[in-house]
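Notes for the one structure printed next.
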Amino acid sequence: MSKYYLNYLDELESEAIYVLREVWAQFQNPVILFSGGKDSIVVTHLARKAFYPSKIPFALMHVDTGHNFPETIKFRDDLIEELGVRLLVGSVQESIDQGRVAEERGKNATRNALQITTLLDAIESHKVDCAIGGGRRDEEKARAKERFFSHRDDFGQWDPKNQRPELWNLFNGKYFQGEHFRAFPISNWTEMDIWNYIARENIAIPSLYFAHEREVVWRNGTWIPNSEFLILEPSEEVLVKKIRFRTLGDITITGGIESDADTLEKIALEVSTMRQTERGNRSDDKRSESSMEDRKRQGYF
């Protein structure tokens with residue numbers, strides 16, 4: 001009898017689709033947290049495959065910092081129009097205007113941590129009981145502690161020591177009123193897996209991931225994009241460099257790398273030689289050794 005083997009990308013895809021279908025089966029009002037980055041794009045693509053030929057049954061939720069890359073917002077809007085799904089937007093600027101959060105000051109100010117309050121408010125106002133994210137365990141040590149189904153208490157907080165066991169891929173989505181879950185279908189994927197899958201599936205991604213010329217400033221050991229939100233020091237010089245971004249976020253904290261990788265094949269080759277995680281160029285993650293875990297405990301993605 002001949003044996004049937006799955007390619008490793010097929011195995012990862014099958015696992016992620018299983019998780020997405022479990023979310024739809026166990027929760028009443030789940031959404032996909034969509035940032036416009038490669039991981040949330042892959043999760044959205046997987047949701048298309050999981051429920052084809054029907055439309056994606058989840059709304060997409062974007063927490064808008066107001067300090068986004070213009071290319072990311074255009075990509076988001078184009079994708080929403082193509083998919084024909086609902087887009088829910090939580091605005092950090094509205095949270096600031098309402099006095100819910102206070103904006104940071106200084107040259108290293110960022111709105112990244114302010115997203116926590118905006119996200120939790122959006123989850124509560126839209127009565128979301130499960131928010132599906134594109135977090136992967138290889139990204140950062142705090143994310144390595146996540147389960148597929150990540151329980152959050154009625155304050156939206158995460159306790160890594162109080163999570164449900166997931167033996168034999170049996171997921172417990174039970175929760176009390178006010179609590180909710182985060183789900184991470186691509187937890188077991190690596191950055192290389194993501195790029196190989198994007199190439200195999202021919203998934204469209206923002207141009208920011210490909211090497212291109214852009215005005216940048218050298219700060220905190222990385223190339224920060226020049227923008228209207230960046231406060232320049234007298235000693236800082238705006239240069240034009242050919243760079244690309246390994247991860248996307250708030251434009252004021254997302255560092256680029258000098259690169260000639262302008263195709264998916266070149267990106268995959270470049271990633272295979274990297275010795276630093278993709279979040280190594282995020283200045284908000286350099287504030288302390290536990291900065292990511294501290295934010296996650298408070299309700300971050």
Side-chain angles (χ1 to χ4, degrees), residues 9-10 12-25 27 29-92 115 118-119 122-123 126 128 130-136 182-186 189 191 193-212 244-251 254 261-265 267-268 278 301:
L9 286 178
D10 292 330
L12 291 171
E13 179 188 73
S14 177
E15 179 183 65
I17 286 175
Y18 171 74
V19 174
L20 286 165
R21 288 173 177 168
E22 279 293 301
V23 169
W24 183 241
F27 296 98
N29 188 31
V31 299
I32 293 176
L33 296 175
F34 189 82
S35 66
K38 65 184 185 306
D39 299 317
S40 61
I41 291 170
V42 166
V43 170
T44 304
H45 178 82
L46 289 163
R48 294 177 77 172
K49 298 190 78 169
F51 299 99
Y52 183 83
S54 299
K55 286 185 179 180
I56 296 175
F58 314 117
L60 269 56
M61 177 179 286
H62 179 217
V63 178
D64 183 0
T65 66
H67 291 175
N68 300 288
F69 287 93
E71 297 94 327
T72 305
I73 297 299
K74 183 180 186 307
F75 184 91
R76 178 201 71 182
D77 294 341
D78 290 345
L79 184 62
I80 290 295
E81 184 177 355
E82 176 191 345
L83 296 176
V85 298
R86 282 194 309 145
L87 174 65
L88 308 175
V89 178
S91 170
V92 172
Q115 296 180 82
T118 305
L119 172 61
I123 286 174
H126 292 289
V128 172
C130 183
I132 307 165
R136 308 190 324 271
R182 309 288 170 84
F184 301 100
I186 59 172
W189 297 46
E191 183 184 10
D193 296 334
I194 291 290
W195 285 117
N196 286 338
Y197 188 73
I198 287 172
R200 190 187 80 168
E201 300 288 303
N202 194 27
I203 301 172
I205 56 174
S207 60
L208 296 162
Y209 284 112
F210 299 101
H212 59 288
R244 75 174 192 88
F245 300 93
R246 293 176 69 190
T247 179
L248 301 183
D250 192 322
I251 196 171
T254 303
D262 53 6
T263 66
L264 291 174
E265 291 75 16
I267 290 174
E278 62 200 277
F301 306 119

Between Pro185 and Val19, what is the shortest heavy-atom contact and its length?
CA-CG1, 4.0 Å
Between Phe51 and Leu20, what is the shortest heavy-atom contact and its length?
CZ-O, 3.9 Å
Value for CG (Leu60) from OG1 (Thr44), rounded to nearest 0.5 Å, stands at 4.5 Å
Please check if the side chain of Ser14 supplies one atom and the backbone of Asp10 the other of a donor-acceptor pair under 3.5 Å.
no
Looking at every heavy atom in both Ala268 and Asn196, which two are closest together, and how far apart are they?
CB-OD1, 4.2 Å
Closest approach of Ala47 to Ile32 (non-hydrogen atoms, all atoms of both residues)
CB-CD1, 4.0 Å
Nearest 0.5 Å, what's the CG-CD1 distance between Asp64 and Ile73?
5.0 Å
Could you tell me if the side chain of Leu264 sits less than 4.5 Å from the side chain of Trp195, heavy atoms only?
yes
Do Leu248 and Pro206 make a side-chain contact, defined as non-hydrogen atoms from C-beta onward lying under 4.5 Å apart?
yes
So how far is it from Lys38 NZ to Ile205 CD1, rounded to the nearest 0.5 Å?
9.0 Å
Between Glu201 and Arg48, does at least one N-O distance fall below 4.0 Å, as a salt bridge requires?
no
Atom OG1 in Thr254, atom CZ in Arg246: separation rounded to 0.5 Å?
13.0 Å
State, with a plain yes or no, whether a side-chain heavy atom of Leu119 is found less than 4.5 Å away from one of Met61.
yes
Search all heavy atoms of Val23 against all heavy atoms of Pro30 and return the closest pair with its distance.
CG1-CB, 3.6 Å
Looking at Ser35, is its backbone amide N or carbonyl O close enough to the side chain of Ser40 to form a donor-acceptor pair, meaning the two atoms are under 3.5 Å apart?
yes
Could you tell me whether Arg200 atom CZ has more than 12 heavy atoms of other residues or ligands within 6.0 Å of it?
yes
Please determine whether the number of non-hydrogen atoms from other residues, nucleotides or ligands lying under 6.0 Å from atom NZ of Lys49 exceeds 12.
yes
Distance check, rounded to the nearest 0.5 Å: Asp193 atom CG versus Arg136 atom CZ?
8.0 Å
Is there side-chain contact between Leu87 and Arg76, with at least one heavy-atom pair below 4.5 Å?
yes
Is there side-chain contact between Ile132 and Phe184, with heavy atoms separated by less than 4.5 Å?
no
I'd like to check Phe245 versus His212 (side-chain heavy atoms, cut-off strictly below 4.5 Å). Are they in contact?
yes
Anything under 30° is parallel, anything over 60° is perpendicular, the rest tilted; go ahead and classify Tyr197 against Trp189.
perpendicular
Mind running side-chain contact (heavy atoms from CB on, under 4.5 Å) on Val31 and His126 for me, showing each step along the way?
CA-CA 10 Å; Val31 299; His126 292 289; over 6 Å; no
Any side-chain heavy-atom pair from His62 and Asn68 closer than 4.5 angstrom?
yes
Nearest non-hydrogen partners of Ala50 and Ile17, listed with the distance
CB-CG2, 3.7 Å
side-chain contact (heavy atoms from CB on, under 4.5 Å) for Leu208 and Phe75? Distances and angles first, verdict last.
CA-CA 11 Å; Leu208 296 162; Phe75 184 91; over 6 Å; no
Residue pair Tyr209, Glu71: steps toward the side-chain contact (heavy atoms from CB on, under 4.5 Å) verdict
CA-CA 11 Å; Tyr209 284 112; Glu71 297 94 327; over 6 Å; no
So do Ile186 and Ile194 actually touch side chain to side chain, heavy atoms under 4.5 Å?
yes
Main chain of Gly133, side chain of Arg182: is a donor-acceptor contact present, judged purely on distance under 3.5 Å?
no
Output for pair (Asp262 CG, Phe210 CZ), nearest 0.5 Å, gives 8.5 Å
Evaluate the side-chain contact (heavy atoms from CB on, under 4.5 Å) criterion for residues Leu46 and Glu13: first the C-alpha distance (whole Å), next the side-chain angles of each, then the deciding distance (0.1 Å), finally the verdict.
CA-CA 7 Å; Leu46 289 163; Glu13 179 188 73; 3.7 Å; yes
